[in-house]
Amino acid sequence: MRELVTVSGKKALAAFVDFPHALYAGDVNYVPELFIAQRDLLTPGKHPFYEHSEIQLFLLYDEGKVIGRIAAINNNNHNKVYGSKDGFFGFFDCINDAAAAKQLFEAAQTWLKEKGLTKILGPVNFSTNEVCGLLIEGFDGPPVAMMPYNAQYYLTFLEQMGFQKNVDLRAYRYTAGNYNDRSLKLMDRIEERLKRNDIILRKINMKKFKEECNAVREVYNKAWDKNLGFVPMTDKEFDYTANDLKMILDPDFCILAEQHGKIVGFALAIPDINQILIKIKRGRLFPTGLIKLLVNKKKIDGIRILLLGVVDGYRKMGIEACLYGRIIKHFEAKKMKYAEASWTLDHNDLINKPIEDIGGKLYRKYRILEKAI
């Protein structure tokens, strides 16, 4: 007997967070999310997203056992920015049963429709500022830090329910030694030219982390203003994310482009913390997970190039390529094994071409889908 319930209370929330552990048991590529982080993300009052928007979590049970989950998301800030009536789904996981998936989506769509929304898009876990996209190509390894992972049959379920492609997202991979040295040398010359325009590249000053973040936040919200689906972060949302990233940040991989003291672009790469999380059972830091995290942190030999943006008026000057080049140079100097650049929009040649020129190989694709409701 199947039962669909709305999530209410700590026990149900724990069941929602923990379901993927059972679903992907035995899958060597599955990486559990940290329980504490997921719990806080999904608890109103814990994350600043809830100051302007709302979600509803659903669980599907079969004879008392969880067989699926989904979140219906009403992102008011997104709809204000775009003048739209878009709803979103996220945190979707389900057994290989099309009827179960349909039941979950019907519940999410009904909730969104009752809010006056006319379209559903996803998967996005709140917005494109967080984890988003459905893996559709590249199931041959674990995801890197803050990237999604899902079963291959999800795409079939969504298409059967009438979902269509909204946009595809790309992930590129570099491996040690396999990069275009000629392109990096060319970037050295471009950087010299930028200096003549008083544009310098430097790493973040961790002693002035708060001030640096304030400047970067302004660039972040301006640099992505025309990217499909982007919603500017509130000050509290940006600070929440920055404080999380600070715990794993390597200043050599946070590069700022500056002119006359004004930040005009930046790039950020983070250690692939998933190398450790994949070994932490059920995402619990206690009793042994925290020890694994602390002991193995310095052994991480991969990075994810997470963000790169340049404000309007400074694009097509070579800043994007130089920011990437700086990160790849530090990657090589630290003798790391791989770097993933993700994600980029499928049609964003301004970013994709410099990645490819340096030697990045397209190796995974993700998709955001949509459907009228």
Side-chain angles (χ1 to χ4, degrees), residues 20 23-24 27-31 33 86 88-94 96 101 105 119-175 178-180 224 226-230 267-270 272 274 278 302-309 320 324 327-328 337-371:
L23 181 66
Y24 294 106
D27 187 335
V28 296
N29 294 326
Y30 170 67
V31 180
E33 298 277 6
D86 296 336
F88 297 89
F89 74 89
F91 303 93
F92 169 67
D93 284 293
C94 185
N96 193 354
F105 273 92
K119 185 190 290 186
I120 181 171
L121 301 98
V124 297
N125 295 350
F126 292 172
S127 73
T128 55
N129 292 315
E130 286 84 29
V131 176
C132 65
L134 185 79
L135 179 63
I136 60 170
E137 294 179 18
F139 292 86
D140 55 345
V144 301
M146 299 175 66
M147 288 296 285
Y149 180 74
N150 54 263
Q152 294 189 45
Y153 56 81
Y154 284 11
L155 179 61
T156 300
F157 286 171
L158 286 162
E159 289 176 339
Q160 287 174 347
M161 288 183 282
F163 280 87
Q164 297 180 329
K165 172 184 169 181
N166 174 276
V167 67
D168 280 355
L169 312 173
R170 295 184 177 192
Y172 290 89
R173 187 177 177 93
Y174 301 91
T175 52
N178 293 321
Y179 67 93
N180 190 327
W224 279 266
K226 293 180 181 177
N227 272 1
L228 186 64
F230 174 75
L268 170 66
I270 57 174
D272 184 12
N274 279 8
I278 199 169
I303 59 171
R304 176 189 170 198
I305 305 174
L306 176 66
L307 296 170
L308 187 146
E320 296 89 350
Y324 262 115
I327 286 178
I328 295 302
K337 291 184 177 179
Y338 66 87
E340 177 176 300
S342 62
W343 48 264
T344 70
L345 291 169
D346 205 32
H347 54 268
N348 191 349
D349 293 337
L350 188 62
I351 293 297
N352 294 334
K353 190 175 185 305
I355 295 174
E356 293 168 358
D357 285 347
I358 297 172
K361 305 298 182 184
L362 177 62
Y363 84 122
R364 284 182 184 155
K365 276 198 174 185
Y366 303 82
R367 180 167 294 170
I368 293 176
L369 299 102
E370 64 176 26
K371 176 187 176 183

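Quick caveat: nothing in here was measured; it's all calculated off a predicted structure.
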Exercise for the section: Using atom types as modelled and distance alone, determine if a side-chain donor or acceptor of Asn125 lies under 3.5 Å from a backbone N or O of Gly90. Expected result: no

Practice task
Go through Trp343 and Arg304 one step at a time and tell me if the side-chain contact (heavy atoms from CB on, under 4.5 Å) criterion holds.
Solution key: CA-CA 9 Å; Trp343 48 264; Arg304 176 189 170 198; 4.0 Å; yes

Handout entry: Between Asp357 and Tyr324: side-chain donor-acceptor atoms closer than 3.5 Å
Key = no

Problem - Least distance between heavy atoms, Leu308 atom then Glu320 atom - result: CD1-O, 3.7 Å

Exercise for the section: State yes or no: are the ring centers of Tyr338 and Tyr363 separated by less than 6.0 Å? Expected result: no

Problem - CZ on Phe88 to CZ on Phe126, rounded to 0.5 Å - result: 12.5 Å

Practice task
For atom CD of Gln160, decide whether the heavy atoms of other residues, nucleotides or ligands shown that lie under 6.0 angstrom number more than 12.
Solution key: yes

Handout entry: Shortest non-hydrogen separation from Ala101 to Phe157 and the atoms involved
Key = CB-CD1, 3.6 Å

Completion exercise
Nearest heavy-atom contact between Tyr366 and Ala171 is CE1-CB, 4.0 Å

Handout entry: Parallel, tilted or perpendicular: rings of Tyr30 and Tyr24 (30°, 60°)
Key = parallel

Handout entry: Donor-acceptor contact below 3.5 Å, side chain Asp272 vs main chain Ala145
Key = yes

Handout entry: Evaluation steps, side-chain contact (heavy atoms from CB on, under 4.5 Å), between Glu137 and Leu362
Key = CA-CA 10 Å; Glu137 294 179 18; Leu362 177 62; over 6 Å; no

Practice task
Mind checking the NZ-CD1 spacing from Lys353 to Ile355? Nearest 0.5 Å is all I need.
Solution key: 12.0 Å

Practice task
Find the distance between CG (Leu158) and CD (Glu370) and round it off to the nearest 0.5 Å.
Solution key: 12.5 Å

Practice task
Working to the nearest 0.5 Å, report the span between CG of Leu306 and CE of Met147.
Solution key: 9.5 Å

Practice task
Drop me the distance from Phe105's CZ to Cys94's SG, to the nearest 0.5 angstrom.
Solution key: 8.5 Å

Handout entry: Residues Arg367 and Asp168 bridged, charged N to O under 4.0 Å
Key = yes

Completion exercise
Taking every heavy atom of Phe230 against every heavy atom of Asn129, the minimum-distance pair comes out as CE1-OD1, 3.3 Å

Practice task
Could you tell me whether a side-chain N or O of Glu130 sits under 3.5 Å from a main-chain N or O of Ser127, the two making a donor and an acceptor?
Solution key: yes

Problem - Distance-minimising heavy-atom pair for Asn274 and Pro143 - result: ND2-O, 2.9 Å

Exercise for the section: Go through the steps for Ile303 and Ile327 under the test side-chain contact (heavy atoms from CB on, under 4.5 Å), then give the verdict. Expected result: CA-CA 10 Å; Ile303 59 171; Ile327 286 178; 3.9 Å; yes

Exercise for the section: Output the distance between atom CG (Asn166) and atom NZ (Lys119), rounded to the nearest 0.5 Å. Expected result: 6.5 Å

Practice task
Starting from the C-alpha separation in whole Å, work towards a yes-or-no answer on side-chain contact (heavy atoms from CB on, under 4.5 Å) for Phe163 and Leu121.
Solution key: CA-CA 9 Å; Phe163 280 87; Leu121 301 98; over 6 Å; no

Practice task
Could you check if a side-chain atom of Arg170 sits within less than 4.5 angstrom of a side-chain atom of Asn348, using non-hydrogen atoms only?
Solution key: no

Practice task
Could you label the plane-to-plane angle of the Tyr154 and Phe92 rings as parallel, tilted or perpendicular, counting under 30° as parallel and over 60° as perpendicular?
Solution key: tilted

Fill in the blank from the handout: In short, Leu345 meets Asn352 closest at the heavy-atom pair O-ND2, 3.1 Å

